[in-house]
Amino acid sequence: MKTTVAAYNEAFTNYSPEGEKLKIYTYPAPVLKKVAEPVELFDDELKTLCRNMLFTMYQAPGIGLAAPQVGLSKRIFVMDIDYNREQVTRADGTSDTVLKDFNPLIFINPKIKNKVGEILYQEGCLSFPGIFEDVKRAEAITVEFQDWEGNPHTLEASDLLSVCIQHENDHLDGVVFLERLSLLKKNLLMKKFLKKKKKGN
Ligand code: NI
């Protein structure tokens, strides 16, 4: 089932990703460890940033991207857990990957309330390319947030949507997913990632 947020429907009718590809910061960039600032100005610049973040997320490709991951310490994240990738083969035999069925979501100044239950889900992060690990989080949450016009919304989320919102919301508090693991696992995976990064792959 698709998640829809009424205020976005109009802005994202027949949406296709457009914008500027932003640089994605990987661990241990200092911006990933900072508590992000609330958004106070809902202007055209904010809309451009949101569109560019979505574009960057789809290009990556990923299902969620928080502003600190593109070097901006702001309480914003974008998400799409519904889009599909299709392999298209041309007449000459070459093939290409085409993205479709977009359902972009934008969360500004989110606050998570009412965490219920427990779920184990394998997570990855665009700031930790190549690292995947099962993380335990709340199965269902309620999230209050603003859209890019500043209008308030409340969304009930479960399963993957809930997991993804909790993962992205952590980025706004300077927390990365590996910090949700046992200290032993966290240290092992951090070491593995930094070693891999040093080698340049
Ligand atoms: Ni992440």
Side-chain angles (χ1 to χ4, degrees), residues 1-8 24-28 31-39 50 53-54 57-58 60-70 72-84 102-148 151-190 192-193:
M1 198 180 72
K2 266 196 177 185
T3 306
T4 52
V5 177
Y8 302 149
I24 296 178
Y25 287 70
T26 56
Y27 202 81
V31 68
L32 295 172
K33 299 175 186 176
K34 268 170 65 177
V35 176
E37 297 290 327
V39 172
C50 290
M53 283 175 65
L54 282 167
M57 178 188 81
Y58 289 119
I63 59 170
L65 184 69
Q69 294 182 277
V70 293
L72 283 164
S73 205
K74 290 270 178 200
R75 303 194 80 80
I76 306 167
F77 57 80
V78 298
M79 194 175 292
D80 188 340
I81 60 164
D82 294 306
Y83 74 101
N84 290 306
F102 299 104
N103 186 25
L105 295 173
I106 299 165
F107 295 81
I108 298 171
N109 299 331
K111 285 191 177 70
I112 293 178
K113 314 242 155 140
N114 308 330
K115 293 187 172 190
V116 182
E118 231 175 52
I119 187 171
L120 199 64
Y121 214 98
Q122 194 190 60
E123 297 185 21
C125 180
L126 295 175
S127 295
F128 285 93
I131 301 288
F132 299 91
E133 189 59 45
D134 284 344
V135 182
K136 204 189 283 176
R137 299 202 188 256
E139 197 275 329
I141 57 162
T142 304
V143 60
E144 292 175 359
F145 63 100
Q146 286 168 281
D147 60 35
W148 67 10
N151 304 309
H153 297 273
T154 303
L155 183 72
E156 313 266 332
S158 60
D159 301 306
L160 177 58
L161 183 62
S162 163
V163 166
C164 203
I165 290 170
Q166 290 172 78
H167 175 119
E168 299 309 328
N169 194 66
D170 269 354
H171 277 301
L172 308 187
D173 292 327
V175 174
V176 293
F177 79 116
L178 296 185
E179 288 170 83
R180 294 294 182 197
L181 304 171
S182 70
L183 197 60
L184 185 74
K185 244 185 193 170
K186 175 193 140 177
N187 289 342
L188 263 168
L189 289 168
M190 287 275 188
K192 183 181 166 189
F193 175 71

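Both backbone and side-chain heavy atoms feed into the values below; hydrogens, waters and symmetry mates do not.
In this structure the side chain of I119 never reaches within 4.5 angstrom of the side chain of S162, judged on heavy atoms. At least one side-chain heavy atom of V35 sits less than 4.5 Å from a side-chain heavy atom of R75. A heavy-atom distance below 4.5 Å is not found between the side chains of E139 and V116. Residues M79 and F107 have side chains in contact (heavy-atom distance under 4.5 Å, counting atoms from C-beta outward). Two residues are said to be in side-chain contact when any heavy atoms from C-beta on lie closer than 4.5 Å; L160 and I63 meet this criterion. Contact of the D170 side chain with the F177 side chain is not registered, since no non-hydrogen atoms from C-beta on lie closer than 4.5 Å. Side-chain contact between K111 and V143 is absent, with no heavy atoms from C-beta onward closer than 4.5 Å. Here the side chains of K33 and P28 are in contact, with some heavy-atom distance below 4.5 Å.
For E168, the side chain to side chain donor-acceptor pair (under 3.5 Å) test picks out no residue, with sequence neighbours left out. For F193, the side chain to side chain contact (heavy atoms under 4.5 Å, CB included) partners are T26, Y27, F128, P129, I131, K197, not counting sequence neighbours.
Note: L155 CG to I141 CD1 = 8.0 Å, rounded to the nearest 0.5 Å. Taking CG of L172 as the start and CD of Q69 as the end, the distance is 9.5 Å to the nearest 0.5 Å. With rounding to the nearest 0.5 Å, the separation of CD in E123 from CG in L181 is 8.5 Å. Of the inter-residue distances, the one linking Y83 atom OH with L54 atom CG reads 10.5 Å to the nearest 0.5 angstrom.
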Contacts table for residues 182-190: side-chain donor-acceptor under 3.5 angstrom, sequence neighbours left out:
{"from": "S182", "atom 1": "OG", "to": "K185", "atom 2": "N", "distance (Å)": "3.2"}
{"from": "K185", "atom 1": "NZ", "to": "E133", "atom 2": "OE2", "distance (Å)": "3.3"}
{"from": "N187", "atom 1": "ND2", "to": "L183", "atom 2": "O", "distance (Å)": "3.3"}

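Proximity of a side-chain donor or acceptor of D80 to a complementary backbone N or O of N103 within less than 3.5 Å is detected. Checking side-chain atoms of N109 against main-chain N and O of P38 turns up no donor-acceptor pair under 3.5 Å. A distance-only check finds a donor-acceptor pair linking the side chain of S127 to the backbone of Y25 [under 3.5 Å]. Within the 3.5 Å criterion, the main-chain N or O of A138 finds a donor-acceptor partner in the side chain of Q166.
Summarising the geometry of I24 relative to A60, their closest heavy-atom pair is CD1-CB, 4.3 Å, with the distance given to 0.1 Å. The two residues P68 and V31 make their nearest non-hydrogen contact at O-CG1, 3.3 Å.
Between Y58 and F102, the ring planes are perpendicular. Angles over 60° get that label, and only those under 30° would be called parallel.
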Verify side chain to side chain contact (heavy atoms under 4.5 Å, CB included) between N151 and Q146, making sure each step is shown before the conclusion.
-> CA-CA 5 Å; N151 304 309; Q146 286 168 281; over 6 Å; no
Given I108 and W148, is the side chain to side chain contact (heavy atoms under 4.5 Å, CB included) satisfied, shown in steps?
-> CA-CA 7 Å; I108 298 171; W148 67 10; 4.0 Å; yes
Trace of the side chain to side chain contact (heavy atoms under 4.5 Å, CB included) decision for C125 with H167 | CA-CA 9 Å; C125 180; H167 175 119; 3.7 Å; yes
Given the rule in the side chain to side chain contact (heavy atoms under 4.5 Å, CB included) test, do F77 and I165 qualify, once you have shown the distances and angles that lead to the verdict?
-> CA-CA 9 Å; F77 57 80; I165 290 170; 3.9 Å; yes
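In E37, the CD atom is not crowded: 12 or fewer heavy atoms of neighbouring residues, nucleotides or ligands sit closer than 6.0 Å.
Under a 4.0 Å N-O distance rule, the pair D134/R180 does not qualify as a salt bridge.
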